[in-house]
Amino acid sequence: MISNILNKENLTEEDLVYLLSLENEEDLKLLYDKAYEIKLNHTGNVAYYRGLIEFSNYCIKDCYYCGIRKSNDEVPRFAMDLQEIEAMAKWAYDNEYGSVTLQSGERTDKDFIDFSTNAIKTIKEVSNDALGITLCLGEQSEETYKTWYDAGAHRYLLRIETTNPRLYKELHPNDELHSFEARVNKIKTLKKLGYQVGTGVMIGLPNQTVQDLARDIMFFKEMDIDMIGMGPYILSTNTPTGQEVLKNNGDTPEERKKRFELGVKMIAVTRIYLRDVNIAATTALQALDPLGREKGLKAGANILMPIITLPDYRVKYQLYDEKPCIDDTADHCKACLSGRVRSVGDIVGFGKWGDSPHFENKN
Ligand code: 5AD
């Protein structure tokens, strides 16, 4: 049964649900081996780095699951200056990281937009245009997206979080600032402007079904997405969703293990279904399992996002509890990760952008 499905040309929603529901070790090995084989054929065994710069945790949004949501008064807020951005970008360049990702809490005021534009220009300058730039700065106007593209960013990550509109409503305040439809439209705008566009979801959310996840994967294809960044939901205690999960006793070791495994299965099934996209093995995987990112690579991921945020800020940028690497430095993260990549038989694509083959194939 499983090998029939794995060898099919076109998988149906039912097939996706079936694969995401696999549980026994032998079946899972077949699934992960198939995904790894497809990865080798379409992206090779090279893992590319996107050095992650988390430059501010001020946020105008109030997503119920997120640790840096606007209403969380317990988070000390920070915003880096341009010199700090320059120092991190220089480190990435000197260490032959092909790209950096600029991430921060969401803001849409002029100061923020201008600062981000200057950050992009600074990264390009300090690296003689060598560093590729991915942005992860939320929902912005078309004009802002264009300004940043013209300044030198060429990839943008905007997670849809879940493609079930009802679930989206449960996870966000019910207002204009948190609209599912707006989010979908922003993804379309980014594509129109020429960005390589990434999206993704959280996996194992309260009330999320395997069918929801299967439909998430179908959404990635329908939207002709180039890159995927997704990971398991992780408890953030001081949030409404976190409190709800705790109340329902939903963060037991068994539940966490289930969410982790579902995260790895999502990578594998997405690789099998979409083939030539870039897929990240995200930090959230490692938060739930010390070998999480390696298992992600083994199941078909080909992108890693080592944190290069200056150490003093790491503890303040916690989207969820138990963020790994909080006490590390960028040097430490580099040494630790390259060994992890080699341990699964992959190599690091130092000094290369490692753009999405899917984007290149369609252009
Ligand atoms: N668990 C897992 N991922 C989370 N994110 C935010 N909060 C959590 C959480 N509690 C993810 C969202 C967002 C990305 C930057 O971080 O998917 O898009």
Side-chain angles (χ1 to χ4, degrees), residues 50 52-72 75 101-107 134-140 155-164 167-168 170-173 177-178 180 182-184 186-187 190 197-208 212-213 216 219-220 225 227-246 250-251 255-256 258-260 262-264 266-267 279-289 292-293 296 303 305 307 309 314 316-324:
R50 319 280 185 232
L52 182 60
I53 298 175
E54 301 149 321
F55 69 83
S56 169
N57 64 355
Y58 285 98
C59 195
I60 60 169
K61 293 244 174 149
D62 228 359
C63 310
Y64 294 147
Y65 45 83
C66 183
I68 64 168
R69 64 196 295 269
K70 184 181 172 196
S71 302
N72 188 352
V75 182
T101 296
L102 275 180
Q103 190 182 104
S104 99
E106 198 168 308
R107 278 171 55 191
T134 306
L135 300 181
C136 191
L137 304 175
E139 292 177 35
Q140 303 288 341
R155 307 186 197 105
Y156 206 104
L157 273 177
L158 185 62
R159 290 188 178 182
I160 190 69
E161 315 295 1
T162 170
T163 60
N164 178 336
L167 190 53
Y168 195 94
E170 281 174 29
L171 294 165
H172 300 93
L177 205 53
H178 301 82
F180 175 78
R183 182 67 68 107
V184 175
K186 293 297 175 193
I187 294 175
L190 287 163
V197 178
T199 193
V201 295
M202 284 176 289
I203 301 157
L205 290 161
N207 301 329
Q208 187 182 42
D212 289 331
L213 293 169
D216 292 342
F219 172 87
F220 302 156
I225 288 299
M227 335 184 285
I228 310 289
M230 60 187 170
Y233 165 74
I234 300 176
L235 190 93
S236 175
T237 307
N238 197 24
T239 61
T241 307
Q243 286 301 315
E244 187 69 22
V245 169
L246 286 175
D251 204 47
E255 288 296 325
R256 293 154 59 92
K258 262 203 336 228
R259 290 207 301 271
F260 172 78
L262 206 47
V264 181
M266 276 293 279
I267 290 178
I279 305 178
T282 55
T283 313
L285 277 180
Q286 201 193 335
L288 291 183
D289 181 323
R293 284 186 289 194
I303 300 291
M305 300 169 73
I307 301 173
T309 305
R314 292 185 182 208
K316 296 180 188 156
Y317 199 90
Q318 279 185 276
L319 309 178
Y320 41 76
D321 304 350
E322 298 168 84
K323 175 184 181 180

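Atoms within a ligand are numbered from 1 in the order they appear, just like the ligands themselves. For reference, positions follow the sequence shown, starting with 1.
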* To do: Quickly, which of Leu171, Val201, Ile203, Thr241 forms a side-chain contact (heavy atoms from CB on, under 4.5 Å) with Tyr233? Name it, please.
  => Thr241
* **Set of side-chain hydrogen bond (donor to acceptor under 3.5 Å, both in side chains) partners for Thr134, sequence neighbours left out** => Arg155
* Asked: Sequence neighbours excluded, which residues qualify as side-chain hydrogen bond (donor to acceptor under 3.5 Å, both in side chains) partners of Arg159?
  -> none
* Residue selection (non-hydrogen contact nearest atom 11 (C) of ligand 1) among Lys61, Glu106, Arg159 -> Arg159
* Below 4.0 angstrom from a heavy atom of Tyr233, which ligand 1 atoms are there? Numbered from 1 as shown, please. => 1 (N), 2 (C), 10 (N)
* To do: With heavy atoms of Glu161 as the reference, note each atom of ligand 1 found under 4.0 Å away.
  => 12 (C), 13 (C), 17 (O), 18 (O)
* **Any N/O pair Ala284/ligand 1 closer than 3.5 Å** => no
* Heteroatom proximity flag, Ser236 to ligand 1, N/O under 3.5 Å -> no
Any idea which protein heavy atom is nearest [atom], and the distance to it?
atom	answer
atom 16 (O) of ligand 1	Leu319 CD1, 3.3 Å
atom 1 (N) of ligand 1	Ile234 N, 2.9 Å
atom 7 (N) of ligand 1	Tyr65 CD1, 3.4 Å
atom 3 (N) of ligand 1	Met202 SD, 3.6 Å

* To do: Indicate, as side chain, backbone, both or neither, the part of Pro232 found under 4.0 angstrom from ligand 1 when only non-hydrogen atoms are considered.
  => backbone
* Asked: What closest approach, in Å, do Gly292 and Phe260 show between heavy atoms, and which atom pair accounts for it?
  -> CA-CE1, 3.6 Å
* Structure fact -> Scanning both residues in full, the closest heavy-atom pair of Leu235 with Arg259 reads N-NH2, 4.2 Å
* Examine ligand 1 and decide if any of its atoms is less than 4.0 Å from a heavy atom belonging to Gly229. => no
Given 3.5 Å as the limit, does a donor-acceptor pair link the side chain of [X] with the main chain of [Y], or not?
X	Y	answer
Gln208	Met202	yes
Lys61	His178	no
Gln103	Ser56	no

